[in-house]
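Below is one structure, written out as structure tokens; comments come after it.
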Amino acid sequence: MRRLTKKKALNLVRELDAFPKVPESYVEATASGGTVSLIAFTFMAVLAFLEFFVYRDTWMKYEYEVDKDFSSKLRINVDITVAMRCQYIGADVLDLAETMVASDGLKYEPVNFELSPQQRLWHMTLLHIQERLREEHSLQDVLFKTALKGAPPAQPPSEDSATPPGACRIHGHMYVNKVAGNFHVTVGKAIPHPRGHAHLAALVSHDTYNFSHRIDHLSFGEEIPGIINPLDGTEKISPDHNHMFQYFITIVPTKLNTYQISADTHQYSVTERERAINHAAGSHGVSGIFMKYDISSLMVKVTEQHMPLWQFLVRLCGIVGGIFSTTGMLHGMVGFMVDVVCCHFRMGVYRHPELINEDPVPTENHTQ
């Protein structure tokens, strides 16, 4: 009884075999089959190689949520050159609550406004990258992937000039409240005021006003080398003395998580406006550079992701199995069509044997 039960179990398992063995006498190797096999294996290798590069590639995932962090400070990173002497201008921040923020972290360095050839090449390269970023937004993902922590790349040093420096480079960083505010550079040093703030500009002649400027760098939050901001490389030349430049900036808090870096930074968009100050013509205001910023209530999470290993293996199996089965079907269809054509040709020959066995009838010439 046990032997019968065991035999029945083996027979049941044998019937479930999905890969039955074919006798060798049923297998016939042909040249056409070998050619199709080589082509199929070549396609498998090429597609598997390309699929490996797809598996190695990564993409950025963007998620949005409400920013609930209101207590932290906002860091402003500035590097701007103004075509006026340092003793004539002052930079500070006034936030929405009319609170003047100390600008102790900013340094004033006398420089020449004109760039050296090496610096001009650096500046033109930065402008070219900015132009490509406006046309190809996907390049921003490439910058996110290559971002690394560390000190930002330094600009080429300026060459010594015989003329005394007539411009001022304002660079450094400062921490402000996480509310809307106004960072500005205008005539005179800032002085505290009970109702806000003021600039001591009475002793500066209007003939010395020149707010032509170049923004080498302006960012918010943690400074990340490799990230290019919208205003980096901006250069404006003032056509007259009394001129106002305005930048309206919308800041979006951003959490960046890649395989190279994890940082809390900020992205921003900007709208520019400039006009001449002429009180006689009704154009009122204060000459200077004004950057009015506002902070978005939404936060963006940027995460670098890639294809999981199990998905890569499934796609690889699909490539191998799909090509193998497809080439087998195509080979069978081609063989069937060849057999049909050959059979049709043989039937035609059988019905009209005179097409093959037709002998010429000799002609006799009778001469008399």
Side-chain angles (χ1 to χ4, degrees), residues 6-63 128-129 132-133 135-148 226-227 256-262 301-353 355-356:
K6 186 176 181 180
K7 187 175 182 180
K8 290 181 179 180
L10 291 176
N11 291 333
L12 180 61
V13 174
R14 189 178 294 110
E15 291 177 358
L16 295 176
D17 187 5
F19 308 97
K21 310 302 182 291
V22 181
E24 294 183 0
S25 58
Y26 294 168
V27 179
E28 180 182 358
T30 60
S32 61
T35 304
V36 173
S37 299
L38 289 177
I39 295 175
F41 293 150
T42 303
F43 271 108
M44 289 180 191
V46 172
L47 292 181
F49 186 72
L50 296 177
E51 189 66 24
F52 177 74
F53 279 97
V54 174
Y55 168 71
R56 291 292 304 274
D57 192 19
T58 60
W59 63 89
M60 308 305 294
K61 180 182 178 181
Y62 293 84
E63 298 177 329
H128 179 69
I129 296 175
R132 298 305 302 171
L133 280 173
E135 298 177 359
E136 300 290 342
H137 298 287
S138 58
L139 291 178
Q140 185 64 50
D141 293 347
V142 179
L143 296 179
F144 281 149
K145 294 178 185 179
T146 56
L148 294 172
I227 301 298
L256 182 61
N257 291 300
T258 66
Y259 295 108
Q260 301 288 342
I261 189 176
S262 178
K301 287 186 175 181
V302 185
T303 308
E304 186 178 6
Q305 295 184 339
H306 73 96
M307 183 188 302
L309 180 61
W310 65 266
Q311 187 175 354
F312 168 69
L313 296 177
V314 170
R315 291 167 65 100
L316 202 61
C317 292
I319 290 174
V320 175
I323 293 179
F324 191 81
S325 59
T326 302
T327 52
M329 293 173 58
L330 292 176
H331 183 250
M333 292 175 61
V334 172
F336 176 75
M337 295 298 296
V338 171
D339 293 340
V340 170
V341 173
C342 292
C343 181
H344 181 73
F345 178 75
R346 291 175 182 174
M347 291 296 294
V349 172
Y350 176 76
R351 291 179 181 177
H352 304 282
L355 295 177
I356 297 178

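- Ring geometry for Phe53 versus Phe49: interplanar angle over 60°, hence perpendicular rather than tilted (30 to 60°).
- Remark: Thr58 OG1 to His306 NE2 distance equals 8.5 Å, nearest 0.5 Å.
- Atoms NE2 and CG, on His128 and Leu133 in that order, are 10.0 Å from each other to the nearest 0.5 Å.
- A donor-acceptor pair is defined here as one N or O able to donate and one able to accept, closer than 3.5 Å; such a pair exists between the side chain of Glu304 and the backbone of Tyr259.
- The two residues Gly322 and Ser325 come nearest to each other via the heavy atoms O-OG, 3.1 Å.
- Phe43 has its side chain out of reach of Ile319: every pair of non-hydrogen atoms, C-beta onward, lies at least 4.5 Å apart.
- When side chains are defined from C-beta on, Met60 counts as touching Thr258, because their heavy atoms get closer than 4.5 Å.
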>> For a side chain to side chain contact (heavy atoms under 4.5 Å, CB included) check, start with the C-alpha distance between Tyr55 and Leu309, then their side-chain angles and the critical distance, and finish with the verdict.
In response: CA-CA 8 Å; Tyr55 168 71; Leu309 180 61; 3.9 Å; yes
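- Separation of atoms CD1 (Ile39) and CD1 (Ile323) is listed at 12.0 Å; rounding is to 0.5 Å.
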